[in-house]
Structure formats: structure tokens, C-alpha cells
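Reading through the C-alpha cells given below for one structure.
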Amino acid sequence: MTAINDLIEISQYYGSDNSYVIAGGGNTSYKDDAVLWVKASGFALGTITEEGFAALDRNKLEAISAKTYSTDPATREEEVKNDLAAACLTKDRRPSVETSMHNALKWRFVVHLHPTVVNGLMCSQQAESASKRLFGDEAVYIPYTDPGYTLFKEVERRIQAYRTQFKKEPAVLLLQNHGIFVGADTIEEIKTIYEHIIVTIEQQIHISSGATECPVSDSVQDIIPAIRMMLSKDGLKTIKIRNNDRISRFTASETAFAAVSCPFTPDIIVYCKSAYIYLSGDSASELLPKAEKAIENYILQQGHTPKVLIIQNIGLVAVGDNAAACDIILDVFEDMMKIAEIASDFGGEHPMNREQIAFIDHWEVENYRRKISRGQSSGRVENKTVIITGGAQGFGSGIAQYMLKEGANIVIADINEESGRQTVGMLSESAKKNRAVFVKTDVTDTDALQRLMHDTVCQFGGLDVLISNAGVLRAGRLEEMTPADFDFVTKVNYNAFFYCSQAAARVMKLQNRYSPDNYGDIIQINSKSGLRGSKANFAYAGGKFGGIGLTQSFALELAPFRIKVNAICPGNFYEGPLWSDPENGLFVQYLRAGKVPGATTIEDVRKFYLAQAPMRKGTQPDDVAKAILYAIEQTCETGQAIPVTGGQVMNN
């Protein structure tokens, strides 16, 4: 059907542009004489397909307009919801609550959005007067009215008055503290009208459309992990920080913050709630007691965990049930900052009042949207933040895939930037509500590791699991090994485990100080060569033996802080680059080093090693990931070297 294809096109056109709609909000529709197709709840315009639209019987929709409902708001909205469901021809999809407004306009296509520029006008003190000055009889202005049936009846009344006065159908509805509806018979006309509206308003304002990113203070590592635990009493939260010159202006002081201290639109309440915490302090020792008290009071007064914190010299802090929610919170709240800037050109901002906020906070429709946005938690490491060093390929990449499926947020830390970004791209395709990021990291550089911790805290708020996986191998007999190769292998496989553990422990200790039931995990991906010597491979085996010594020693030192330290000792992953690289893989190195007696080909070397495992299989990343999950889930074991070798190495 051509019209539905046009509806999909216009929906995706605006839905993929954050300047028009954020977080899957807004809705679109197409109608003929008998049926109206409108975006269903839970679908995002930017990715919507035909399955994302609910079809409704227009005769039954017309009956809603004429019907008398209860005077009790909650009962009335429930009655209207049921009548909308009865009119729905696609019973598996809940139609937008604004369906009746789409039906009230006679145009074939109706597109309702929340453009930042339009809302800068609609959330200003001069919303009505400036709308009339700029658009005259081109648009119908609707003063703020509680969403749902009440708003529909007010819109219907004003549309009828417009028709009576101007003898034509309005093409534009401007809704105070809400957004805009545009109607036309073709999607080309819709685009033309929207462009005219946006350009007309832009000619009246003076703000820049962009914002320059600002660095987040180094103090973030001493503050945010603690705050994350303060906020995680009823379940582990993800925190994400954003800072740019716009955000810096609003976080500079409580006076500057006041401009965005109350929500402007229902969408802001849905995703960011209606109250926010402002914090300032010159040091962690000054700021953290303030944060603890402010969060405790907030939860006591509001009955829920805050979604937004504004922290002076750090930036905008989003508190989410998952990483995807954090992204939405940041986008929506920064959009409110943009709206406030635009509103300053129209007499200043006009926030919603207490009664309007209370209605949205308790409205069933918006609670349903919150539920859809939140998603389901089901993974074994749901919402945990996991750093995987050397995660760009081999075991690291495979472990990352497995942990991502189990709900973790993943930080790929690797010196190979190209492979690291490719791996994160692959992970992102399968991510749900969690996220994967890449941080270029040389694990032998302590400054690089501090940057890794800083970036991890900025992205996810803390660190729950460090998987020290980065490793290298240079095989060779005693008389052949060069000091340079020996030092290189030792520095990556042994020294770097110390460097990584030292950096990670600092974050984990801070978290656990504010959460008496929380545990952190440091896990070294060791090797069977850390349990048993390896001929012509002493540099590697020595470093791995040393790694188990570090594991046991760190475990003893960190146990009082509820940080577990364990090693996973895999067998051979023959398909990975460590073994299979055609130029420098172990098959090639071992053949050259004569490590396998009588071997003349790579296949001879492969068969030799495969025969040593009673299970007759190499170790796969999933095998290692399952052992990692065991180490994380149990709380009574630390300092262990857990073999995953197919029986090739068995502990005494």
C-alpha cells in the first residue's frame, strides 16, 4: 500500500533526527474514510515498519468524541483506553494515546513531533503571543492541558472554532509545553510545513545549534563509583556522564541550574522524572557526604531513585536501570537545556506547574511508556560493568560476546584500535539495553590504565569486573630467547596484571565502601601453562606461573574489601589468532622451534596438541566465559586457579 509506505518514510525521516524527536516519542498517522493507522506504543519512529502501526475503526473513534465519560480522571482515562482498544483492528498493538487528535484533523497524514526549536517557543513565557505574531492564522495555539481525553476535547473544540472562523482546516497545532501537530494530504507538504515552522522560529533566536565537548574532571573516579552505589540500593544502576560547554553553563552554579530545575514537557517527566539533584564541592571528601544526604532525602520525599544529577565541575549525570536508559536521559535532559536557551529569546522558560507534573507522574499511559523503556532484566551479569583487556580478538572478543549476551556493559581495552572498534561495532549489533565501548589502552602503561578507568567511570559509572586478558607469546629455547623478547612477554603477561589490578582495585574499593553487600571481581585469563611448565615456552609459562602467585597474593590483600581475585586457566584455543595466525601464530612458532618431536607441518603440531586433551577438543571462549561467570557469581572463593582445559591439565 503506497500510503503506508509514505507513512513509514515520513516517520523514519523525522524519527531518526534528534532535533525533532527523542527516545522514540512523537507519533504519526494516515487515514482513509474507514481506517486510521497510527504509531503504536512501544515503537520508535526512527526504525518503525508497518508492524509498528495500529489500525483503528474510524466510526468507533468518532463515537469516543460523542461519549460522556466519568468525571474522575483515573476512571475516565481507563474508560477511554478501553474504548480505544475496542476500536483497534490490530489487537496486539496499543494505539497512541493521542490517536483521537490524529482522527480530529481531516488531513490524510498527521505528524506529531517535539522539535527542540518549536518547544523552545512552546515552553516560553511568550508561547501564545509569539505564536500569534509569527504564524497568525496559520496555526491553532493550544494552552497546556493534561494529556489524554481532556487534551483531545480541548484540541477538538479549538479546531472547530478555527474552522468556523477561517472556513478551512488547520494544518498546524501548537501545544504549549508539549509540541506540534502538522497535517497535510502528502508527505511532501508535511515536510514543507515543518521546514517553514522551524525556519521562522530560528530567525528569532540566537543560540548555537551545537555544543563543544568538554573533558570530565579527573576527580570523577573518586566520586561517581561511590554515588553509583548510593543509588543502587534496590538494584545495580548504570551511570553515564556527559559534559560540554552548554552543560557546563547550567552546572556552573545553583542559580544557573534553576533554569532547568523543573520539567518543561511530559516527555521530560517520563524519562528524567520531575525533580533533580544539584551537587557542588571542591573535593570528594566534601561532595560525597552531601551526595549521600541528598540522595537519601530525595528517595524519602519522591519515593524513587533520582534519574538526573547535576554535579558542578563534572557535568550532567544520568542514572539508568540500564545503559540505553542513560543515553535517553542524557539526550532528553540536554534537550531541555537547549529549550531553556531558546526560551530566553521569548521571555524566559515556562516550566510545568506542580499539578500538571503530578498528573503525568501518576498517569497510567506514561507509566506504561516507562515500563517499555526500562526493558527486561534477565542476564547473569545484568548491568555489571566489565573491562576486558586484549578484548579486540581471540579469547577476549569471544568472552565479550558471551558477557554482553548475559547483560553486561563491556569496555574493550586494547592497543589495536582498528580491531577494537570493529569488535565494538560487532557487539553493538547484538546489544539490547546494554552497551559496548572501546578504549585504546596499552596495559603496560600506567597512565593509559588511569585513562581507561576514567573513561569507564564516565561511560558506566563504575567497575564491577576486570578481566585481565591481554597477553603475548614468544616461543623459543633457552639459548635462542633474546632478553628483549623475554622482557616483552613478561611485561605484558605479568607486570601488566599488577598494573591493571592496582588501577581497578581503587575503583572497586570505593564502590564497596558505600555498598556493604557488593563484591568486585578481578579475573586473570591465565593459561594451562601457568599450572604446568611448557617446553621451549618458558617466558610465557614463567609469566603465567607468576600471574597465579599474584592472583593468590592480591586475593589475600583485597578480601577485606570484598574484591575477589581468581585466575582462569584455559587450554588451547586453536581457532584464535594466538594459535592460527599464519605468520606468527603458535602453530608456526612451535613448528619452527621444534617443540613437537617429528612434526614437519602445522597440521602435525595441531594433532599433537589436540591428542593431549582427554575431551579431544580445544578450549572455546564460551567455555572460559562460563568459568568467569562462576567466579563472579560465587562469593566464597578467591585466590583460585580454575582450569578449563578439556582435562589436559588436572589439579592435584
Side-chain angles (χ1 to χ4, degrees), residues 23 213-244 247 251 271-273 275-281 284 287-288 290-292 294-296 298-299 302 304-334 373-375 377 381-387 407-411 431 433-437 439 451-466 504 506-515 518 520:
E213 185 176 352
C214 297
V216 176
S217 168
D218 290 340
S219 65
V220 69
Q221 292 180 65
D222 301 320
I223 295 169
I224 295 301
I227 289 177
R228 178 182 179 227
M229 290 297 110
M230 296 175 195
L231 294 163
S232 296
K233 306 300 184 186
D234 295 324
L236 192 60
K237 300 294 183 184
T238 296
I239 287 180
K240 188 169 184 177
I241 302 168
R242 181 181 294 173
N243 196 27
N244 54 45
I247 291 170
T251 61
Y271 297 109
C272 303
K273 292 291 189 179
Y276 323 109
I277 292 176
Y278 181 86
L279 295 169
S280 62
L287 195 147
L288 288 179
K290 290 182 180 179
E292 198 164 22
I295 291 168
E296 181 180 344
Y298 183 103
I299 294 172
Q302 301 293 329
H304 59 79
T305 303
K307 295 289 185 184
V308 173
L309 287 77
I310 300 288
I311 305 181
Q312 188 182 53
N313 299 324
I314 287 181
L316 175 60
V317 180
V319 183
D321 293 316
N322 49 62
C326 286
D327 290 337
I328 292 173
I329 291 165
L330 291 175
D331 287 345
V332 170
F333 204 87
E334 187 179 356
S373 163
R374 193 177 301 123
S377 297
V381 283
E382 194 73 31
N383 232 24
K384 285 186 179 288
T385 297
V386 179
I387 291 176
N409 295 311
I410 303 296
V411 180
K433 297 292 184 178
N434 49 349
R435 294 288 184 264
V437 299
V439 179
R451 289 193 296 273
L452 170 63
M453 298 303 149
H454 176 276
D455 290 352
T456 299
V457 169
C458 289
Q459 286 288 339
F460 300 120
L463 173 62
D464 302 294
V465 183
L466 168 72
R506 176 185 171 192
V507 177
M508 292 179 182
K509 284 181 179 180
L510 178 59
Q511 287 183 160
N512 291 352
R513 191 184 311 159
Y514 289 88
S515 181
N518 194 61

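Residue numbers run from 1 in the order of the sequence given. Quick caveat: nothing in here was measured; it's all calculated off a predicted structure.
One finds the OG1 atom of T238 at 9.0 Å from the CD atom of E382 (value rounded to the nearest 0.5 Å). The distance from the CE atom of M229 to the CG atom of L231 is 9.0 Å, given to the nearest 0.5 Å. Going from atom OG of S232 over to atom CG of N518 covers 8.0 Å, rounded to the nearest 0.5 Å. Atoms CD and CD1, on Q302 and I295 in that order, are 13.5 Å from each other to the nearest 0.5 Å. Atom-to-atom distance recorded for I223:CD1 and S217:OG is 6.5 Å, nearest 0.5 angstrom. Taking CD1 of I224 as the start and CZ of F460 as the end, the distance is 14.5 Å to the nearest 0.5 Å.
The shortest side-chain heavy-atom distance between T456 and T385 falls under the 4.5 Å cut-off. Under the 4.5 Å side-chain criterion, counting only non-hydrogen atoms from C-beta, C458 is in contact with V220. With contacts defined as side-chain heavy-atom distances shorter than 4.5 Å, the pair N244/I247 qualifies. L288 is listed as a side-chain neighbour of M230, based on a closest heavy-atom distance under 4.5 Å. Annotation: side chain of V216 is in contact with side chain of H454 (closest heavy-atom distance under 4.5 Å). Between N322 and N434, every side-chain heavy-atom pair lies at or beyond the 4.5 Å cut-off. Residues P225 and L463 fail the side-chain proximity criterion, which asks for heavy atoms closer than 4.5 Å.
The pair D331-R242 meets the salt-bridge criterion, since a charged nitrogen lies less than 4.0 angstrom from a carboxylate oxygen. A salt bridge links K307 with D321: at least one charged nitrogen is closer than 4.0 Å to a carboxylate oxygen.
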- Message: As a quick check of understanding, evaluate side-chain contact (heavy atoms from CB on, under 4.5 Å) for L287 and I227, giving each step before the final call.
- Response: CA-CA 10 Å; L287 195 147; I227 289 177; 4.2 Å; yes
What verdict does the side-chain contact (heavy atoms from CB on, under 4.5 Å) test give for I387 and M453, after you've listed the backbone C-alpha separation in whole Å, the side-chain angles of each residue and the deciding distance to 0.1 Å? CA-CA 9 Å; I387 291 176; M453 298 303 149; 3.9 Å; yes
Full working for side-chain hydrogen bond (donor to acceptor under 3.5 Å, both in side chains) between N409 and Q459: CA-CA 9 Å; N409 295 311; Q459 286 288 339; over 6 Å; no
Determine, step by step, whether R435 and D327 satisfy the side-chain contact (heavy atoms from CB on, under 4.5 Å) criterion, reporting the C-alpha distance in whole Å, the side-chain angles of both residues, the deciding distance to 0.1 Å, and the verdict.
CA-CA 10 Å; R435 294 288 184 264; D327 290 337; 3.0 Å; yes
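Between C272 and V332 the shortest heavy-atom distance is SG-CG1, 3.8 Å. Of all heavy-atom pairs between P306 and I277, the closest is CG-CD1, 3.8 Å. Considering all non-hydrogen atoms of both residues, G320 and A325 come closest at CA-CB, 4.2 Å. Between A504 and L466, the shortest heavy-atom contact is CB-CD2, 3.7 Å. When all heavy atoms of V386 and A408 are compared, the closest pair comes out as CG2-CB, 3.8 Å. Nearest heavy atoms, Y276 versus Y298: N-CE1, 4.2 Å.
R513 pairs by the salt bridge (charged side-chain N to carboxylate O under 4.0 Å, His left out) definition with nothing, not counting sequence neighbours. Remark: S515 engages no residue in a side chain to side chain donor-acceptor pair (under 3.5 Å) (not counting sequence neighbours). Scanning for side chain to side chain donor-acceptor pair (under 3.5 Å) contacts around R228 gives D464, Q511, with sequence neighbours left out. Judged as a side chain to side chain contact (heavy atoms under 4.5 Å, CB included), and not counting sequence neighbours, the contacts of D222 are A284, R506. For K290, the side chain to side chain contact (heavy atoms under 4.5 Å, CB included) test picks out L279, S280, E286, with sequence neighbours left out.
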For residues 308-318, please give each side-chain donor-acceptor pair under 3.5 Å, one per line with the distance, not counting sequence neighbours.
from: Q312; atom 1: NE2; to: A252; atom 2: O; distance (Å): 2.7

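Between the side chain of Y278 and the backbone N or O of T251 there is at least one donor-acceptor pair closer than 3.5 Å.
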